Amino acid sequence: MAFSSLSSLHRANSMLSFLSLSNFKLRRVQTLKLPSLRLLSSSVSSYHNTFHPSSPSDQWSPPRANQRSPPHKNQWAPPPTNQRSLPHTNQWSPAPTNPWAPPQFQHQSPLPPPTPATPPPPSPTDLAALAQSGKIKEAIELLGQGVCAPDPHTFFSLVSFCSDPKLLDDLKKVHDYFLRSPFRGDLDINNKLLEMYGKCGAMTDARRTFDHMPDRDMESWHIMIHCYATNGQGDEGLQFYEQLRKAGVTPNPQTFVLVLSACATAEAVEEGFIHFESMSKDYGITPGIEHYVGIVELLGKSGHLNEAVEYIENIPFEPTIEIWEALRNMAHAQGDIDMEDWVDDILVSLDPSKADQKKIRAPPPKRRLGINMLDGRNKLGEYRLPPKIEKKVVKEQVYVPDTRYVLHDIDQEAKEQALMYHSERLAIAYGLISTPARTPLRIIKNLRICGDCHNAIKIMSRIVGRELIVRDNKRFHHFKDGKCSCNDYW
């Protein structure tokens with residue numbers, strides 16, 4: 001009986017110890033994360049199978065003393081941390097799936113970016129298209145890449161777009177590629193190069209190109225004479241005409257028009273009349289209206305407006321509108337307002353469409369009354385010469401500001417200071433310190449250069465020993481050795 005009671009007591013203590021251990025395991029499992037819920041369900045299932053047998057034969061037997069129960073084997077639970085996982089009983093069975101685990105996507109490598117299509121290499125057709133559209137910079141880049149021009153017309157178009165003095169460097173590059181091309185002997189392109197060099201004011205390059213031309217025609221000579229005249233180098237143009245005669249080339253009427261223009265630029269009045277008379281005597285050319293217009297411009301540019309009017313009146317035919325317009329332009333250039341208005345009236349009488357409604361005419365001269373002077377009795381008027389004013393000797397190449405060209409109502413010192421900041425002077429000062437020595441310096445101005453700056457630049461050219469080429473809205477001014485090509489006809 002005592003043994004039975006002791007056995008029952010021992011069984012009850014074992015049951016309480018097992019329940020306490022199971023509760024501790026349950027509390028520990030509940031603290032685990034979501035992936036460990038599989039272990040919790042397995043433990044509960046084992047506990048249910050252990051303490052609730054399905055048949056009387058499956059009775060629970062207490063564990064022996066000093067013997068630990070084997071751990072529960074759950075092949076679906078993840079292995080504990082810092083412990084080696086036991087291998088599965090069946091190595092060939094498929095890996096178990098965890099329904100609680102988040103879905104895993106198979107890693108795929110990103111697709112390589114598509115390779116851009118390589119553009120086709122530039123062709124001569126692209127170069128011709130750039131030349132036709134006037135894209136000089138892009139065309140020069142293609143020429144630098146070795147693209148050849150398909151035809152001479154491509155070079156002709158490139159040269160034609162380089163008439164601006166700002167594109168002189170581009171014109172030289174195109175000329176360089178043209179000399180390397182098989183079309184370097186093309187006469188039309190060489191003549192176009194002469195014309196563009198003249199428009200850019202680079203007469204040295206134009207003369208060099210002319211000397212190296214394999215073939216020349218009358219157009220080549222005409223372009224050179226015209227370029228010298230428009231650049232204010234009339235003397236060089238007349239020398240070029242003498243070279244034309246020595247070369248055995250017979251001048252035509254257009255040649256004498258250009259020669260008269262060169263004489264007008266150089267103010268060579270007598271030489272101009274000599275060439276005008278030689279037209280009919282030496283070459284049998286009858287002077288046309290354009291030649292008489294050239295004589296009027298020759299007299300007008302030299303300041304002989306009255307002689308020009310007298311010459312027009314002695315013309316063997318009725319003066320045309322072109323001749324009167326030339327005289328009006330010369331009167332406007334010389335500042336003779338009265339003669340300009342007089343010629344305007346003549347033009348309106350010949351062609352009413354020539355009337356300028358926006359022009360402000362000069363006021364009529366004041367009418368002066370006659371004055372009678374009576375000698376007073378026994379009185380003698382005494383008139384004395386003013387004292388002689390001795391002029392100060394001005395040293396050569398000394399700049400004296402001419403404040404007449406400052407129209408602001410300021411004092412004398414401020415006027416002299418204002419002249420120092422004219423744009424052409426600042427441009428020349430910057431060019432002298434930023435360009436190589438002894439090289440020509442080119443300045444482009446959108447307004448007419450004033451007389452004070454004209455005198456100052458002449459002195460600058462003498463001091464620095466460089467050729468200063470200034471292009472205003474009227475003409476080219478080539479300053480060299482203290483002189484200007486316009487002969488002070490600014």
Side-chain angles (χ1 to χ4, degrees), residues 113-231 240 244 249 252 254-255 258 435 439-446 469 471 473 475-476:
T115 57
T118 57
S123 62
T125 307
D126 300 332
L127 178 61
L130 293 175
Q132 293 295 331
S133 58
K135 298 180 179 179
I136 307 299
K137 303 291 185 181
E138 293 80 356
I140 292 177
E141 291 180 0
L142 291 186
L143 290 173
Q145 296 175 7
V147 180
C148 300
D151 51 11
H153 184 69
T154 302
F155 275 110
F156 189 86
S157 301
L158 288 175
V159 174
S160 301
F161 283 105
C162 295
S163 59
D164 194 343
K166 300 177 183 178
L167 301 177
L168 179 59
D169 294 337
D170 296 334
L171 178 61
K172 292 181 179 180
K173 293 179 182 178
V174 174
H175 189 192
D176 188 18
Y177 289 117
F178 169 70
L179 294 177
R180 305 177 190 175
S181 68
F183 316 114
R184 56 182 174 272
D186 190 276
L187 183 59
D188 294 335
I189 300 178
N190 281 293
N191 288 339
K192 200 66 178 179
L193 283 169
L194 297 179
E195 181 183 354
M196 294 301 106
Y197 275 128
K199 289 185 176 181
C200 293
M203 291 307 302
T204 304
D205 298 316
R207 183 58 185 266
R208 187 185 301 111
T209 303
F210 180 85
D211 294 339
H212 290 84
M213 286 175 60
D215 298 322
R216 305 184 187 95
D217 59 355
M218 182 60 72
E219 185 69 19
S220 305
W221 295 94
H222 286 175
I223 291 175
M224 290 299 297
I225 298 175
H226 175 70
C227 290
Y228 276 122
T230 54
N231 280 272
F240 207 81
L244 179 147
V249 181
N252 56 19
Q254 181 64 23
T255 306
L258 298 173
T435 56
T439 57
L441 184 63
R442 292 176 174 85
I443 305 297
I444 303 173
K445 183 177 175 63
N446 61 336
I469 303 173
R471 177 71 169 95
N473 63 345
R475 61 190 302 162
F476 277 98

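Numbering of residues begins at 1 and proceeds along the displayed sequence. Just so it is clear, the model here is predicted, and its values are computed rather than measured.
The CD atom of Glu138 sits 12.0 Å away from atom CG of Asp126, with the distance rounded to the nearest 0.5 Å. Atom CD in Gln254 sits 10.0 Å away from atom CD1 in Ile225 (nearest 0.5 Å). A distance of 10.5 Å separates CG of Asp164 from CZ of Arg471, quoted to the nearest 0.5 Å. Atoms OG and CZ, from Ser133 and Phe161 in turn, are 7.5 Å apart once rounded to the nearest 0.5 Å. Expressed to the nearest 0.5 Å, how far CD1 of Ile140 lies from CD of Gln145 amounts to 12.5 Å. Taking CG from Asp205 and NE2 from His175, the interatomic distance works out to 9.0 Å, rounded to the nearest 0.5 Å.
Between His153 and Gln132, the side chains place a donor N or O and an acceptor N or O closer than 3.5 Å (distance only, hydrogens not considered).
Comment: Lys192 does not engage Asp188 in a salt bridge, judged by the lack of any side-chain N to carboxylate O separation of less than 4.0 angstrom. Comment: Lys137 does not engage Glu141 in a salt bridge, judged by the lack of any side-chain N to carboxylate O separation of less than 4.0 angstrom.
Here the side chains of Leu258 and Trp221 are not in contact, with every heavy-atom distance at 4.5 Å or above. In this structure, the side chains of Met218 and Thr255 come closer than 4.5 Å at one or more pairs of heavy atoms. Using a 4.5 Å heavy-atom threshold, the side chains of Leu142 and Leu130 count as touching. Between Phe155 and Val174 there is a side-chain heavy-atom pair separated by less than 4.5 Å. For the pair Leu143/Leu158, a side-chain contact is recorded, criterion being any heavy-atom separation below 4.5 Å from C-beta on. Between Leu168 and Tyr197 there is a side-chain heavy-atom pair separated by less than 4.5 Å. Contact of the Ile189 side chain with the Pro152 side chain is registered, since non-hydrogen atoms from C-beta on lie closer than 4.5 Å. The closest side-chain heavy-atom distance from Ile223 to Ser220 is not below 4.5 Å.
Closest non-hydrogen pair, Pro214 versus Gly185, comes out as CG-CA, 4.0 Å. For Ile136 against Cys162, the heavy-atom pair with the smallest separation is CG2-SG, 4.2 Å. What you find for Ile469 and Gly201 is that their closest heavy atoms are CD1-O, 3.8 Å. Here the shortest heavy-atom pairing between Ser163 and Lys199 reads O-CB, 3.8 Å. For Ser157 against Ala131, the heavy-atom pair with the smallest separation is CB-O, 3.7 Å. A pairwise comparison of heavy atoms in Cys200 and Pro165 identifies SG-CA, 3.9 Å as the closest pair.
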Is there a side-chain contact (heavy atoms from CB on, under 4.5 Å) between Leu171 and Leu193 once you walk through the steps?
CA-CA 8 Å; Leu171 178 61; Leu193 283 169; 3.9 Å; yes
Pair Phe240-Arg207, side-chain contact (heavy atoms from CB on, under 4.5 Å): steps then yes or no
CA-CA 10 Å; Phe240 207 81; Arg207 183 58 185 266; 3.7 Å; yes
Using the rule given for side-chain contact (heavy atoms from CB on, under 4.5 Å), can you reason through Asn190 versus Phe178, listing the C-alpha separation, both sets of side-chain angles and the distance that settles it, and then say yes or no?
CA-CA 10 Å; Asn190 281 293; Phe178 169 70; 3.8 Å; yes
Worked check of side-chain contact (heavy atoms from CB on, under 4.5 Å) between Asn191 and Met213
CA-CA 9 Å; Asn191 288 339; Met213 286 175 60; 3.6 Å; yes
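Remark: His222 NE2 is packed, more than 12 non-hydrogen atoms of other residues, nucleotides or ligands lying under 6.0 Å away. Within 6.0 Å of atom NZ in Lys445, more than 12 heavy atoms from other residues, nucleotides or ligands are found, so the atom counts as buried in its surroundings.
Of the possible polar contacts, none joining the Asp176 side chain to the Lys172 backbone as a donor-acceptor pair under 3.5 Å is found. Between the side chain of Arg184 and the main chain of Ser181, a donor-acceptor pair closer than 3.5 Å is present.
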